[in-house]
Every structure is written in structure tokens, then in C-alpha cells.
Amino acid sequence: MAIDCIKTMPSITTPQHHPKDQDQCKDDGKSFVFDAQVLRHQTNIPQQFVWPDHEKPNINAPELQVPLVDLGDFLSGNPVAAVEASRLVGEACKKHGFFLVVNHGVDKTLIAHAHNYVDTFFKLPLSEKQKAQRKIGESCGYASSFTGRFSSKLPWKETLSFRYKAEESSSKHIEEYFHNRMGEDFAEFGTVYQDYCEAMSTLSLGIMELLGMSLGVSREHFREFFNENDSIMRLNYYPPCQKPDLTLGTGPHCDPTSLTILHQDQVGGLQVFVDNEWRSINPNFDAFVVNIGDTFMALSNGIYRSCLHRAVVNSQTPRKSLAFFLCPKNDKMVTPPHELVDTCNPRIYPDFTWPMLLEFTQKHYRADMKTLEVFTNWLHQRSLS
């Protein structure tokens, strides 16, 4: 049956269902600092980065065969190509939520520049990177691992995240962000990522057309829903680790966002948990890796899956990736189209807005494979109180 809509974020007293081994750090002024330029050479890595035995990585995971979807003919209106692309995407999204897209229309030179500037930023001294320091409870800024937020099972990585708004009035938002946080020397940096995010937004709307078709709703439904998206761009940098068998670049999790468009460099590391086994998605510079997130799983009424995945590191070569997390505009209500709800397929998740789920993951719960389930139960309990 339909679940009442909750529009505002109720107050939280104690985080519920929070794993005991993922304790949040206390703000005691003694938080560990992850300085990649130093730690990448250490043979004894700090205990905070050592993962439990049952979660330690399998670096040589077998390859996952994910469909390669040609967007060129689909986006040009070829009906035969549309049927085939819809079939491939539908099968993948029901099984594990991952697929690759080629002939996507994104300029290769722009992609190369975006990767080059990842190196430019993360090779800066720590004090320079900290000009864009991410504050606890926020989703944007520079983060050196999760130090200061969690005290165990820390990821071996650095990230830089920033918002992208598709509204016309925000056409220079990213350029202004880098100018304000990093200074005039980062003007070109901001221009490249402004252009890259605009390309990702356009690509994601095309993919939303394909997802709509594959689910049997109109081609325009999800495109219109995300047309004025308020998304997150993240630059990931995984420095070498002398004990890659002990730690993880990113721990097992499902993305809480709607859709992730990932571009990997030539260094492998992405792994997906399918059929009770970790499998790798090998790099393909001509393709983007696309995966379903929790928010779109809710939009599809659970038909499409948000799958558990992680990133492993190595002892020799830094790995970098570009992740665009498509998110709906803040006031959009996440609710599935009526075509996906009937007596045989009742509502699984309550209505919510993306900022509610984002706040839940940033302040109260460390994203994992059960984030949407725990969030849903939390909303249910508070709607009854």
C-alpha cells in the first residue's frame, strides 16, 4: 500500500542500526591525518586502515562480464538500436545494476584534461589541498580518507567533491567554487570540471531515457525528473599502498545517489559483488561505467538494483577515477511512476527527498549495502511516532 510522504528531516537522537565496527570518531582534536605522500611509502600501515579478515580484498578477482551499450544509435533515434540497448540495460539492472556505455558523445580531450587535473590537485602539498577541506557532515570538499569522521576501516584514498547544478543560473557554479576555495591559479581547473559536469549531466539524461524505456515507462519520464539535477562530482585518488592485501581504497557500499557515471584510468581496482563473489570491472578508456544507486532503486520500486561494490589498491601505481553522481533537484519527491506500482507490485519504499537521504548518510549512517533498508525503516518508525 502507499506510504505517507515525509517531507522534512526529523531530528535524530541516536543513530540506529549503525555497525559497531564503524564507530564515528570523537572530536578530540587528535584525529589521524592521512598524508598520501608519506603513507604511500610505509610498510607498516596504521591500524585504522587495516580491514577485518572477512573483508580483506581479493586483488585478483575474476572479471565481471557487463554489457557494452552503444549509445550512438540509440541517441540518434534508431528504433532497432533502442530496443537492443533497452534489453541489455534492463537485464543488467535487474541482476547487478552495472553496465558500460560507448559512443557516448563526450569529447575524449575533455576526459583526458579531467584526468590530468586529478593529478594536478592530489600532487599538491597537504596544506594546499586542505584549502578545500571538507567539513564533517558535509558532502563536498577535500577529504583525506574518512579521518575525523570514522575511527576504523578507513579507505586508502583522497577525494575532492563539489556540487553541480543544472539550473541555468548556476552555469559558473564550479568555476566560482574553485576560485573561492583554491584561488585564481585554479581558474582553468574550474573551467575543465564545469565543462565535464555539463557533459555528464547531458549524458545522464540520455541514459535516463534509456532506463525509462527499459522499465516500460515513457522515455521522457526520468529525463524530465532529473532535468534540473543537483548532482555531485567526485575526483578519486588512490595512492599506492605497501600492504594492499590489508586495506581497501573504498569499502563495500551501495551508492545512495541515483546514478553513477564513472570513468576509470588504466589502473584496475573497481570490484562488484555478484553471485556471492567479488568480480572486477576492467578499465576501458573509451567507455563509462554506469551503475544504479539507492535513490533510483527507490524510483524503480525495487525493480532495478543498487549493487554492492568497492575499490582495491595496489603497491605500485596510483589509481584515479572521475565519478559523477546524478541526484534529483532538492525539492523533487522520490516516488516511482504509477506504471511500476500495482496490486502485484506494491510500494516498497516511502516517498522522500534526496537531501533527507544525503543527510542520513553524512551525519548518521555510514553508507553500506543496507543503507536504503535502514533509512526506510527509520522513516517508518518516525512516521508512526
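All values below come from the heavy atoms of this structure, side chains included, with hydrogens, waters and symmetry mates left out.
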Check Glu55 with Lys153, please: is the shortest side-chain N to carboxylate O separation under 4.0 Å? yes
Under 3.5 Å, is there a donor-acceptor pair between the side chain of Asn314 and the main chain of Gln316? yes
What heavy-atom pair brings Ser231 and Leu326 nearest, and what distance separates the two atoms? OG-CA, 3.4 Å
His115 and Phe285 aromatic centres sub-6.0 Å: yes
Within the distance-only criterion (no hydrogens, no angle test), does the side chain of Asn301 pair as donor or acceptor with the backbone N or O of Pro346 below 3.5 angstrom? yes
CZ of Phe98 to CG of Leu270, rounded to nearest 0.5 Å, is 5.5 Å
Any pair counted as salt bridge (charged side-chain N to carboxylate O under 4.0 Å, His left out), so long as it reaches residues 280-296, sequence neighbours left out: Lys108-Asp286
Taking side chain to side chain donor-acceptor pair (under 3.5 Å) as the criterion, tell me which of Ser204, Ser201, Ser258 meets it with Asn229. Ser201
In this structure, CG of Asp107 is separated from CG of Asp195 (nearest 0.5 Å) by 10.0 Å
What's the shortest heavy-atom distance between Pro155 and Arg366, and which atoms? CD-NH2, 4.1 Å
Any donor-acceptor pair under 3.5 Å linking the side chain of Trp156 with the backbone of Ala36? no
Look only at the side chain of Asp368 and the backbone of Thr371, and say whether a donor-acceptor pair between them is shorter than 3.5 Å. yes
Candidates Tyr349, Phe360, Phe352 - the one meeting ring-ring contact (aromatic ring centres under 6.0 Å, His included) with Trp378: Phe360
In terms of side-chain heavy atoms, does Tyr142 have a donor or acceptor partner in Gln130 at a distance below 3.5 Å? no
Can the ring centroids of Phe222 and Phe296 be said to lie less than 6.0 angstrom from one another? yes
Is Gln133 reaching over with its side chain to a backbone N or O of Ala143, donor-acceptor style, under 3.5 angstrom? no
Is a side-chain donor or acceptor of Lys129 paired with a backbone partner of Phe122 at a separation under 3.5 angstrom? yes
Trace of the ring-ring contact (aromatic ring centres under 6.0 Å, His included) decision for Tyr177 with Tyr193: CA-CA 11 Å; Tyr177 172 83; Tyr193 288 115; over 10 Å; no
Taking atom types as modelled, find out whether Asn345 and Asp342 have a side-chain donor-acceptor pair closer than 3.5 angstrom. yes
Taking NZ in Lys370 as the centre, count heavy atoms belonging to other residues, nucleotides or ligands within less than 6.0 Å. Is the count above 12? no
Take His253 and Asp255 through the side chain to side chain contact (heavy atoms under 4.5 Å, CB included) test and state the conclusion after the steps. CA-CA 6 Å; His253 69 287; Asp255 294 336; 3.1 Å; yes
Could you tell me whether Glu228 and Lys332 make a salt bridge, using a distance below 4.0 angstrom between a side-chain N and a carboxylate O? no
Pair Thr361-Phe375, side chain to side chain contact (heavy atoms under 4.5 Å, CB included): steps then yes or no: CA-CA 9 Å; Thr361 59; Phe375 177 65; over 6 Å; no
Please check if the number of heavy atoms outside Glu63 that lie under 6.0 Å from its CD is greater than 12. yes
What is the distance from atom CD1 of Ile303 to atom CD1 of Ile348, rounded to the nearest 0.5 Å? 8.0 Å
Taking Gln194 for the side chain and Ile174 for the main chain, is one N or O donor matched with an acceptor at less than 3.5 Å? yes
Between NE2 on residue His221 and CD on residue Glu209, distance to nearest 0.5 Å: 13.0 Å
Run the ring-ring contact (aromatic ring centres under 6.0 Å, His included) check on Phe162 and Phe178 step by step: do they pass? CA-CA 9 Å; Phe162 42 93; Phe178 282 105; 5.0 Å; yes
Judged by atom type as modelled, is there a donor-acceptor pair below 3.5 Å linking the side chain of Trp354 to the main-chain atoms of Lys329? no
Apply side chain to side chain contact (heavy atoms under 4.5 Å, CB included) to residues Leu322 and Val118 and explain how you reach the verdict. CA-CA 8 Å; Leu322 307 166; Val118 173; 3.6 Å; yes
I'd like to know if the side chain of Thr247 reaches the main chain of Phe49, judged simply by a donor and an acceptor atom lying under 3.5 Å from each other, with no hydrogens or angles considered. yes
Going by salt bridge (charged side-chain N to carboxylate O under 4.0 Å, His left out), name the pairs with one or both residues in residues 76-90, residues two or more places apart or in two chains. Glu84-Arg87, Arg87-Glu91
Within the distance-only criterion (no hydrogens, no angle test), does the side chain of Arg319 pair as donor or acceptor with the backbone N or O of Tyr238 below 3.5 angstrom? no
Answer yes or no: does atom NE2 of His113 have more than 12 heavy-atom neighbours from other residues, nucleotides or ligands under 6.0 Å? no
Can Gln65 and Arg279 be counted as having a side-chain donor-acceptor contact under 3.5 angstrom? no
Assess Arg40 against Tyr237: is NZ or CZ under 6.0 Å from the centre of the six-membered ring, and within 45 degrees of the ring's axis? no
Contact list for residues 229-243, test salt bridge (charged side-chain N to carboxylate O under 4.0 Å, His left out), sequence neighbours left out: Arg163-Asp230
Just by distance, with hydrogens left out, do His96 and His309 show a side-chain donor and acceptor under 3.5 Å apart? no
